[in-house]
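To keep things clear, I will list the structure first and then write my remarks on it.
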Amino acid sequence: MEPMETIVKKVDKNQIDHTVIEEAGRILREGGLVAFPTETVYGLGADALKEEAAKKTYAAKGRPSDNPLIVHIADYEDLKKIAVRIPPETDALAAHFWPGPLTMIFEKSDIVPYGTTGGLDTVAVRMPSDPIAAELIRAAGGFVSAPSANTSGRPSPTTAEHVLADLGGKIDMILDGGAVDIGVESTILDMTVDPPMILRPGAVTAEMFESVIGPVTVDQTLIDSSSTKPPKAPGMKYRHYAPRAELIILEGDLREEILAIRQLSYAGSRKGKKVGIIATAETLPFYSNGVIKNVGTRENEKSIARNLYRVLREFDEEDVDIIYSESFAAQGIGSAVMNRLEKAAGHRRISASDVVAKQKYRRITFVSQTDTGRGPMAAELLRNHDLEQEYVIDSRGMVVLFPEPANQKAEAIMKSAQMTLQNHTSQQFDGENIQDDTLVLTIGEDHKNKILSEYENAANVYTLNEFVGDDREIPDPYGKPLTGYGECYGVLSEMIDRLAEKLNAMAKGEENE
Ligand code: AMP
Ligand code: MG
């Protein structure tokens, strides 16, 4: 296809410039392609009654031509011109949901070319609520076919910039009306069956239909992702909405999803992969590795729908290798969000609890008497190891009367090994340090015994030498000259080398405790 110049025109939906819409309408009437905003996503408009225009649409999008287009109308009476055998419930549905994010499927009339319907005898019809869309449809003659204005297979466009990135040079014009409101495609309801059937979830939900016309059914292939039957909306069979990177959805309770994503993003980053994370406003602070994006707030699923495709596109721009996503509640518009996310992931989902079970310890706490010498040294030594899994590494003292910096001789020894305890302040050990996911390693036998006697249900408490299988004791340098600290450092650093090896072996499943 010859590249062409794509005109981009800004349009303010509160103050529409009618000359721009006239120009766009003329392009459509003459068989051209114009992308325009709707409340769901940007559409790629063409004259729905022209066979040739549909061909151009498929070519620009790189879309398989068996994937039918939705015909957009602006006036309800126009439905009768393109659809036949319109069932009686249609009036009530249109009264409630049109104009709006609902597409209904009917038997087509003769004036609708097979190019537009992908060879089907049915036609999909929607009346969008965006005022720019409505005015454009009228200016074009009343029937505008419009699939999403993206390259086939990429996330649907929610801004004019997205359209330009995909279709610049391939279409005549883009009307830029700013970011869309809803962000996921319309609900598709098949009116040719009784009761009507939802073929694609969207902002209008099954519950909303039910309150107007009674129960509707849902295409089972949407619910059962392992189904081998093709979905009834031809477009739903493609790996749609997809970013370039592999996308994996973690499933479980939110706490486990966060832990699993932390684990996977740490492991991925360690292997040199650029990892993307789809997080929410509520969970953002829990992540530290990778490109972390806020897709919206869990308090308002609409915000997630609105941002999802933009976030997927941003990961493409940042060239991430793999994306991990939390799951979202499949209620209300949430079911449309999960449907699009699962399609973007090609149905790759993994159980968060399975991932979480692969890491026994998430925190390692070293315990000494005053938390000013050997404990902080051990912690800093371990932090300087390359570890397969991510741990919070810290230290505590059995008797800390007030917070103190590290012992100066300990600091001097660490400095000579290019490390520092400068950021350390001593802290008292307490019950908070006893947790299922915390490995407590004491410097001396006495510290361990004291913990075990004070905390009845203390688990995972070992002396450091016992845990690494070394029968030496760690010398106490307190009150000794610098050489005493040096000697202690020597023993400690060997034990911490062994500890790191053991933790890494445990991470690979090669060793238990
Ligand atoms: P898009 O406009 O990009 O949202 O794609 C249109 C969607 O509507 C695709 O998933 C199509 O398969 C679906 N669709 C359009 N017409 C029909 C139809 N006559 N029967 C079933 N699905 C349809
Ligand atoms: Mg689409």
Side-chain angles (χ1 to χ4, degrees), residues 33 35-46 48 53-54 57-58 60-73 79 82-86 101-109 112-128 130 133 137 143-158 162-163 166-167 171 180 182-193 196-204 217-219 221-222 229-243 305 308-309 312-313 336 339-340 343-344:
L33 301 180
F36 61 98
T38 81
E39 67 277 22
T40 57
V41 299
Y42 270 73
L44 177 56
T57 307
Y58 291 120
K61 277 180 65 82
R63 176 171 174 138
S65 58
D66 68 341
N67 187 356
L69 309 175
I70 294 171
V71 179
H72 291 68
I73 58 174
L79 175 63
I82 52 173
V84 296
R85 276 190 273 283
I86 298 168
L102 168 64
T103 295
M104 290 190 269
I105 292 177
F106 306 98
E107 278 178 48
K108 80 175 193 67
S109 75
V112 183
Y114 282 109
T116 298
T117 65
L120 299 175
D121 289 317
T122 52
V123 61
V125 187
R126 178 162 108 81
M127 192 195 297
D130 186 294
I137 293 163
F143 304 96
V144 174
S145 63
S148 49
N150 52 305
T151 297
S152 193
R154 294 211 64 206
S156 292
T158 56
H162 297 164
V163 179
D166 281 12
L167 302 179
I171 64 177
V180 303
I182 296 173
V184 292
E185 301 84 347
S186 56
T187 305
I188 300 181
L189 187 66
D190 185 354
M191 300 300 290
T192 67
V193 293
M197 181 188 280
I198 296 178
L199 306 189
R200 176 172 78 182
V204 183
T217 56
V218 178
D219 182 358
T221 62
L222 296 179
K229 281 203 220 121
K232 295 204 161 51
M236 298 295 279
K237 69 176 178 263
Y238 300 103
R239 183 180 171 221
H240 228 113
Y241 323 114
L308 180 66
Y309 289 139
L312 293 178
R313 280 178 177 262
N339 169 265
R340 304 310 192 275
K343 288 177 71 61

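All ligand and atom numbering here is 1-based and tracks the order in the structure.
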Taking the side chain as C-beta and beyond, is there a heavy-atom pair between [X] and [Y] under 4.5 Å?
X	Y	result
N67	P147	no
L44	F36	no
T116	K108	no
P128	I137	yes
E185	R340	yes
T40	V180	no
T158	Y42	no

Heteroatom proximity flag, [X] to ligand 1, N/O under 3.5 Å:
X	answer
R200	yes
E185	no
K232	no
L199	no

Please list, in number order, the atoms of ligand 1 under 4.0 Å from a heavy atom of [X].
X	answer
L120	18 (C), 19 (N), 20 (N)
N67	9 (C), 11 (C), 12 (O)
I188	7 (C), 8 (O), 13 (C)
T122	18 (C), 19 (N), 20 (N)
I105	17 (C), 18 (C), 20 (N), 21 (C), 22 (N), 23 (C)
I70	2 (O), 6 (C), 8 (O)
A124	15 (C), 16 (N), 17 (C)

Yes or no: does [X] have any heavy atom under 4.0 Å from an atom of ligand 1?
X	answer
A146	yes
T117	no
K108	no

Worksheet item: What part of M104 sits under 4.0 Å from ligand 1 if we count only heavy atoms: the side chain, the backbone, both or neither?
Response: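 Contact part for M104 vs ligand 1: neither.
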Fill in: Residue from T192, T117, V112 passing side-chain contact (heavy atoms from CB on, under 4.5 Å) with T122
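In the set T192, T117, V112, the residue that makes a side-chain contact (heavy atoms from CB on, under 4.5 Å) with T122 is T192.
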Discussion item. Donor-acceptor pair, distance only, cut-off 3.5 Å: does the side chain of K232 make one with the backbone of T221?
Written reply: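 Side chain of K232 to backbone of T221, a donor-acceptor pair under 3.5 Å: no, none is there.
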Worksheet item: Below 4.0 angstrom, N of the basic side chain to O of the carboxylate: do R126 and E39 qualify?
Response: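 The answer is yes: the pair qualifies as a salt bridge.
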Practice prompt. Decide, counting backbone as well as side-chain atoms, whether S148 has an N, O or S atom less than 2.8 Å from the Mg ion (ligand 2).
Written response: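 Yes - counting backbone and side chain alike, S148 has an N, O or S atom under 2.8 Å.
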